[in-house]
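Since the model is a prediction, treat every value here as computed from it, not as a measurement. Numbers for residues simply follow the sequence, beginning at 1.
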Amino acid sequence: MSFINLKIIMRHELILISSLIILGCQPKKIESLNLLDCVPQNTIAVLQINDKNMLDNTLTNLPFIEEILKLKPTFLENIKSIIPQRFSQNSLLCITKEGKDALATSFISKNSLKDTLFKKKHDQNLYNSVSIEIEKVGNTKVFYSKIENIEIRSSSQLVLENSIRNIISRKKGIQDSEFYKLASVSDYNAPLNMFLHHDINDLMKSLFPKTILFPFIGNNWFSFDFNTKKDPFTLDGISIINDSIPEKIMILKGIETKSLISPNYVPQNFDAFLALAITDYKVLEDNFKIYSRYKNIALKEIDFSFLSVVDEIAWLRSKSNRAFYFHLSNSEIIPSTLFSDHQAEDDFRGVKIYKQTLPPDLIVFLETFGPDIESTQVSKIDDFLIFASNKSFLKQLISNHLDDNTLINNLNFKRLQEDLADKSSLLWIGNTENLKDQWIGNSSEKHKIWQKIESGKYPLITLQSISEETFIQ
């Protein structure tokens, strides 16, 4: 089992042993209460609030967060209704799936501070001898219980009852050990820790649909520490690679870091950009073989030996245009499967343009991370092979490079680099203003909300992963 550490920046094996089958698998019981043990089953997000004052100040200065949540108005109202004015440190805000599409919100805390939410009970009932108080907060019905020194508020009575059962029987609501491993390595000096399950993707896609080239983070739990040391904030996180369940993220396993060069060649104006270090093509090949078998991808063979001269691949998307960048560690001997320069189709500003057909296994690999390229035009510039979906786009990319209109010369990117590690295994960058158009789509409601968000203040969003032996940070 390996870890992947992730950073998002927004700038201005399981073993079971039993002697008798009839014993079955019993959930692990806990002796003393820990707030994380009280998280309800089917929870897809847990936010642990370590410093309320710092978090309040940050959110006041980042009004766009609440504006984005207005895209899900009932969800936002439920969150506001269950959070008391005062609460103890390390309290938990939980988002739990209820049924097929509904989401319940719950707030779990220790009652070291006097609660100010429930001034008047509207109703009360008992569940397993535990009192459940019911209060109307705005348009939301809130359910409240106190068990020992644990207070729980929820927008769902069923979810609250689930927590009551687990606490009484001393059983953890989340049985996945990965959840607790992530919690054990989180930075509790950060004002907020976020523990997210893969199923959070449905919610994220409803808020940010069609986020191009955004890398697959994990198939289970992953976590982020919310930090405000850099303006406006960073998310430093970890995802766990489960070798028994191959997924897209495991392709990064064992990929060492390098200083990525593609920002020197990609244009300043784009929707999204993704770069991947390839320090050992054989590791990449072996990882992709495992992944493709798990996904039942039909390939006669997977042989990446032609990538022995490539140490970096980048994907670029600009509206409907698509491109790949291959950085050559050895440009003297280039396999013909990558670049066949027998006859040029065109010459543009002194750069020859060729037609190139890529091998099927490479095409499938490239499509794993990004959209396909139906027809491929290619040019060699310095130590880079640049493949584009059409000739006119390739000419545009050539001009951007020759005119120094590239990402490395973008002032916002230069500032962003100050917060990034010098070497990466993977780097994704999104152009917020361009992505916003895709997030809005044809929705007039989304358009009104996004108009209020000054995305120009946050021009670039970045996710960086860094590999160090069994860890990828």
K.L.:
Going through the checks in order, is the salt bridge (charged side-chain N to carboxylate O under 4.0 Å, His left out) test met by Glu178 and Lys181?
P.N.:
CA-CA 5 Å; Glu178 289 186 7; Lys181 287 177 182 176; over 6 Å; no

K.L.:
Measure the shortest side-chain to side-chain distance between Val39 and Phe195 over non-hydrogen atoms and say whether it is less than 4.5 angstrom.
P.N.:
no

K.L.:
So that I can tick it off, tell me whether Arg170 and Glu148 are bridged by a salt bridge, with the cut-off set at under 4.0 angstrom between side-chain N and carboxylate O.
P.N.:
yes

K.L.:
Specify the closest pair of heavy atoms between Leu358 and Ile363, including all atoms of both residues, with the distance to one decimal.
P.N.:
O-CD1, 3.4 Å

K.L.:
Report the distance from atom CG of Leu460 to atom CZ of Arg415, rounding to the nearest 0.5 Å.
P.N.:
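If I round to the nearest 0.5 Å, the distance is 11.0 Å.
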
K.L.:
Mind listing the closest non-hydrogen atom pair of Phe288 and Val364 along with its distance?
P.N.:
CZ-CG1, 3.9 Å

K.L.:
Dump the intermediate steps for side-chain hydrogen bond (donor to acceptor under 3.5 Å, both in side chains) on Asn50 and Asn90, then the final yes or no.
P.N.:
CA-CA 5 Å; Asn50 303 317; Asn90 310 125; 2.8 Å; yes

K.L.:
How close do Ile44 and Ile200 get, counting heavy atoms only, and between which atoms?
P.N.:
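Of all heavy-atom pairs spanning Ile44 and Ile200, the closest is CD1-CD1, 3.8 Å.
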
K.L.:
Please identify each residue that fulfils salt bridge (charged side-chain N to carboxylate O under 4.0 Å, His left out) with Glu161, with sequence neighbours left out.
P.N.:
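Checked Glu161 against salt bridge (charged side-chain N to carboxylate O under 4.0 Å, His left out); zero matches.
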
K.L.:
Run the ring pair (Phe, Tyr, Trp, His ring centres under 6.0 Å) check on Trp428 and Phe214 step by step: do they pass?
P.N.:
CA-CA 7 Å; Trp428 175 86; Phe214 192 81; 4.8 Å; yes

K.L.:
Classify the side-chain pair His327/Asp311 by whether it contains a donor and acceptor separated by less than 3.5 Å.
P.N.:
yes

K.L.:
Is any side-chain N of the basic residue among Lys258 and Glu312 closer than 4.0 Å to the acidic one's carboxylate O?
P.N.:
yes

K.L.:
Output the distance between atom OG1 (Thr376) and atom CG (Leu366), rounded to the nearest 0.5 Å.
P.N.:
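Rounded to the nearest 0.5 Å, the OG1-CG separation comes out at 9.0 Å.
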
K.L.:
Ring of Tyr180, cation from Lys172 - is the NZ or CZ under 6.0 Å from the centre and inside 45° of the axis?
P.N.:
yes

K.L.:
Would you say Arg317's side chain and Trp315's backbone share a donor-acceptor pair under 3.5 angstrom?
P.N.:
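Side chain of Arg317 to backbone of Trp315, a donor-acceptor pair under 3.5 Å: no, none is there.
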
K.L.:
Rounded to the nearest 0.5 Å, what's the gap from NZ on Lys72 to CG on Asn78? Could you check?
P.N.:
11.5 Å

K.L.:
Could you please spell out the steps behind the ring pair (Phe, Tyr, Trp, His ring centres under 6.0 Å) verdict for Tyr281 and Phe306?
P.N.:
CA-CA 9 Å; Tyr281 83 90; Phe306 51 82; 8.6 Å; no

K.L.:
Can you see which heavy atom on Ile212 is nearest to which on Gln438, and at what distance?
P.N.:
CD1-OE1, 2.8 Å

K.L.:
Sequence neighbours left out, what passes side-chain contact (heavy atoms from CB on, under 4.5 Å) with Leu76? Give chain and number order.
P.N.:
Glu66, Leu69, Lys70, Lys80

K.L.:
Would you check, one step at a time, whether the test ring pair (Phe, Tyr, Trp, His ring centres under 6.0 Å) holds for Tyr325 with Tyr265?
P.N.:
CA-CA 9 Å; Tyr325 291 73; Tyr265 289 79; 7.5 Å; no

